[in-house]
Each structure stands twice: as structure tokens, then as C-alpha cells.
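Start at 1 and go down the list; that is how both ligands and their atoms are numbered. In this chain, residues are counted from 1 in sequence order.
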Amino acid sequence: MVAHDLRGRGITDPEVLRVMGEIPREGFVPPADRWRAYADGPLPIGQGQTISQPYIVALMTQVLRVNRECDVLEIGTGSGYQTALLARLARRVFTIERSAELSETAQGSLSELGIENVEFRVGDGSCGWPEERLFERIMITAAVPDFPPPVVAQLAEGGVIVAPVGQSSAQELTVAEKYRGKLIETPVCGCRFVKLLGAHGFLD
Ligand code: SAH
């Protein structure tokens, strides 16, 4: 997976390639799907949700430019696979998920890997992290019509945010940097994610 689907397609950040090689994706998919955990496609994780394609996970991680000095907010914990990768790169990860069931499963998967620098919450991540604080990096792993204002307000100056932005049927993976309080956006590629359902996402 790392050699063919990632390095072969433009994932060059050595730290991203390292953690993609370290975190076992099969630990985050249902047992019946473990045999295809390293195929380059999304897989169902229950509750009508999916774990994203490895290439897209790597690409989002690469454009976010995470390092040990970063506190990262992740919106849409899902299986926890992306959370685990971020946790290996960042100082701390704060992850929020709408489904209590998915959050609980993800917490189990991360604790099995001995990952401890993650804080889990259940709630509507489109409203941001429930406590007032800033993050150096923010990743939204579900489609949003626009960068949600309460989430952008929690991005530190000079911070980076990445999200699939667009319509519910198709989006543009977009990375943005906060400069003098405003977002400078750069499109990365077309993509298709499940919807972020919430007050500043899509309607249920
Ligand atoms: N990064 C995940 C994939 C997430 S799929 C992984 O690696 O497995 C998107 C997730 O966002 C789903 O689990 C969905 O339940 C969650 N979600 C949808 N709307 C949300 C909201 N408003 N707040 C938090 N999570 C939300």
C-alpha cells in the first residue's frame, strides 16, 4: 500500500509515509473486511459511514503539515484510523464524532495501539470543539458546504485547516491557511466524502 498507492502517486512526506507504514489499517475495519484493509478504497465502518481511501488519508495528512508542536482538532473520528496517524505526528489530537457508537469503537482501537495523546468527544463538530481554545491544525473528515465559521474561529493564526468543501455529491479537497484572521484557500483535488451532518454542515 505504501509503495504502490502512496509513494507511487505523489505522497512524498517521509513522516506521513512512516506513520502510514506503522499504523495497521486492519485494526480499524470490521473483521469481515480485514482481508481488503490495504486495498486503495473506502470501506464501511457501520452507521452508514466509511473509512476513507488510504491515498486520500495520506494526502490530507500531508497537506496539513503536522508536527510535534501542533495540537490538532479532527472533526469526524469515524473508525479512528486518521486519528491514530495524526496522534503519531502531533503533540495532541482532539477528535469529535457525532456517533457515540463509532467514537467508542475508535477509542478501543487506539488504546489497543497504546496511543494516549488523544481526547475524544461525542457531539456536533460543525460547532467546533466544546471548550474555548485554539488549534494549530484542523482536519474535517466529512464533506462541508463551506469551512464552518465556529471551527475557523478555533484555528490559530498561521494555522492550517483541510476539508472536503462543496456539494453533498462531490467536493474539492481544500487546504487553507489563516493569515491575519482570514483563510487563504488552495484547492488540492476533487473528492467524495460522506456529509458532515450538523448545524454548520449539511442538514440530516
Ligand atoms: N476519518 C475517518 C472517516 C470519517 S467518515 C476514518 O478514518 O475512519 C466521517 C465521520 O464524520 C463519520 O464517522 C460521521 O459519523 C462523522 N460525522 C458526521 N457529521 C458529524 C458532525 N457534525 N460532527 C462530528 N462527526 C460527524
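For the ligand labelled ligand 1, residue T83 lies outside the 4.0 Å heavy-atom shell. Every heavy atom of A199 sits 4.0 Å or more from the atoms of ligand 1. At least one heavy atom of K195 lies less than 4.0 angstrom from ligand 1.
For a threshold of 3.5 Å applied to N or O pairs, the pair formed by G125 and ligand 1 contains at least one separation below that value. Considering backbone and side-chain atoms together, S52 places no N or O closer than 3.5 Å to any N or O of ligand 1. Any N or O atom pair closer than 3.5 Å counts here, and S79 shares at least one such pair with ligand 1. Note: no N/O pair closer than 3.5 Å links I51 and ligand 1 by distance alone.
For Q167, the CD atom is loosely surrounded, since the number of other residues' heavy atoms within 6.0 Å does not exceed 12. The environment of E185 atom CD is dense: over 12 non-hydrogen atoms of other residues, nucleotides or ligands sit within 6.0 angstrom.
Judged by the 6.0 Å and 45° rule, R133 forms a cation-pi pair with F94. Geometric assessment of R25 against the ring of Y38 yields a negative cation-pi assignment under the 6.0 Å and 45° thresholds.
If you look at Q49 next to ligand 1, the close heavy atoms, those under 4.0 Å, all belong to the side chain.
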